[in-house]
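Worksheet for the structure shown next.
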Amino acid sequence: NLALIGLILISLGWIAEVLWEILVVFTDYNFRFLDNSFYILLAPGMICLGWALWNSFRATGNVPIWVVPVIMIIVIEGAALIRALSKGGKGWLWVVLSATYVVFLATNFQLLWESFRRGFKRLSLFFVIIGALIILHYGLIRWWIPSASSLWMIQLSGVLMWACFAYAAWRLSKHIAS
């Protein structure tokens, strides 16, 4: 259930982002709520997904599965809120975005390790490539220079990164299930 909640939050974030981009293109108006909701939803979604995977591979102890993600989400979103209220601007965005990519890298590394441990060498290599795509994508977003070509690069690298991640995770789940 936690992984499903994560997937729903990630999907809602992406839907908000796509809707924002479509509205910006057709209305030439920036709907900030839609743009910002992508980042606000993506971080908790990745935390839920990453922790659900971690817990499924390494489950130990009697702590309920939702405790760690709730604490992480409160800390990250709280830090972003404090940053937004105290400093203004888009500094809060980098708090949420950086946390998202750290969790994404950790989740990818976890899947890389699991595929390597189970002897799926080609799939492990795929997760290494995804890790490089994650770092590239974060770098493109972090040091983005506003232009049409850089926006296309960010969008294409994001689609490629998420599609590769979804495919590799799906393949790993199929290998583990059989």
Side-chain angles (χ1 to χ4, degrees), residues 1-23 31 33-60 63-81 92-93 95-118 120 123-124 126-138 140-141 154-178:
N1 289 342
L2 187 63
L4 180 61
I5 291 169
L7 181 61
I8 289 169
L9 289 170
I10 291 167
S11 299
L12 287 174
W14 276 105
I15 290 168
E17 179 75 3
V18 169
L19 183 59
W20 170 74
E21 288 174 1
I22 290 170
L23 289 172
F31 296 88
F33 173 75
L34 287 174
D35 182 24
N36 296 335
S37 62
F38 169 66
Y39 301 108
I40 293 168
L41 293 170
L42 192 60
M46 280 307 302
I47 289 168
C48 290
L49 180 63
W51 186 255
L53 289 170
W54 175 264
N55 203 40
S56 69
F57 292 134
R58 312 271 186 270
T60 59
V63 177
I65 192 171
W66 55 268
V67 171
V68 172
V70 166
I71 292 169
M72 288 177 68
I73 291 167
I74 288 171
V75 168
I76 291 166
E77 298 286 346
L81 180 63
W92 67 268
L93 169 85
V95 171
V96 176
L97 191 63
S98 298
T100 301
Y101 279 94
V102 166
V103 172
F104 195 10
L105 275 170
T107 302
N108 187 68
F109 182 77
Q110 174 181 278
L111 294 174
L112 163 68
W113 177 253
E114 199 61 35
S115 61
F116 183 78
R117 188 179 72 80
R118 293 175 186 256
F120 308 126
L123 196 54
S124 299
F126 208 57
F127 282 112
V128 169
I129 293 168
I130 293 166
L133 285 172
I134 293 168
I135 293 167
L136 170 72
H137 186 69
Y138 178 76
L140 287 172
I141 290 174
I154 289 170
Q155 295 304 317
L156 291 175
S157 69
V159 167
L160 180 64
M161 172 187 70
W162 283 99
C164 289
F165 181 77
Y167 174 76
W170 174 74
R171 291 295 305 155
L172 181 59
S173 73
K174 291 295 177 193
H175 285 311
I176 291 172
S178 59

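Just so it is clear, the structure is predicted and the values come from calculations on it, not from any experiment.
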How far apart are the closest heavy atoms of [X] and [Y], and which atoms are they?
| X | Y | answer |
| --- | --- | --- |
| C164 | L133 | SG-CD1, 4.3 Å |
| E77 | I40 | OE2-O, 3.0 Å |
| A169 | F127 | N-CZ, 3.9 Å |
| L9 | G45 | CB-CA, 3.7 Å |
| N108 | F165 | OD1-CD1, 3.9 Å |
| S124 | L112 | O-CD1, 3.0 Å |

What distance separates [X] [atom1] from [Y] [atom2], expressed to the nearest 0.5 Å?
| X | Y | atom1 | atom2 | result |
| --- | --- | --- | --- | --- |
| R171 | S115 | CZ | OG | 12.0 Å |
| E17 | I22 | CD | CD1 | 11.0 Å |
| I134 | S157 | CD1 | OG | 11.0 Å |
| F57 | R118 | CZ | CZ | 6.0 Å |
| I71 | W51 | CD1 | CH2 | 10.0 Å |

Exercise. Where does the angle between the aromatic ring planes of W14 and F38 fall among parallel (under 30°), tilted (30 to 60°) and perpendicular (over 60°)?
Worked result: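 Ring orientation, 0 to 90° scale: perpendicular.
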
For this session: Report the C-alpha distance between M161 and F104 in whole Å, list the side-chain angles of each, state the deciding distance to 0.1 Å, and finish with yes or no for side-chain contact (heavy atoms from CB on, under 4.5 Å).
Result: CA-CA 11 Å; M161 172 187 70; F104 195 10; 3.6 Å; yes

Taking the side chain as C-beta and beyond, is there a heavy-atom pair between [X] and [Y] under 4.5 Å?
| X | Y | value |
| --- | --- | --- |
| V68 | W54 | no |
| F116 | V128 | no |
| I135 | L105 | yes |
| V103 | M72 | yes |
| H137 | Y101 | yes |

For this session: Look at the side chain of W66 and the backbone N and O of L2, then say whether any donor-acceptor pair between them is shorter than 3.5 Å.
Result: no

For this session: Give a yes or no answer on whether the side chain of S98 reaches the backbone of V95 with a donor-acceptor pair at less than 3.5 Å.
Result: no

Exercise. For T100, what residues pass the side chain to side chain contact (heavy atoms under 4.5 Å, CB included) criterion, not counting sequence neighbours?
Worked result: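 Result, side chain to side chain contact (heavy atoms under 4.5 Å, CB included) vs T100: L42, A43, M46, V96.
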
Exercise. Mind checking what makes side chain to side chain contact (heavy atoms under 4.5 Å, CB included) contact with L12, not counting sequence neighbours?
Worked result: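 By the side chain to side chain contact (heavy atoms under 4.5 Å, CB included) rule, L12 matches I8, L41.
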
Problem set entry | Given P44, C48, P69, the one that forms side chain to side chain contact (heavy atoms under 4.5 Å, CB included) with I5 | C48

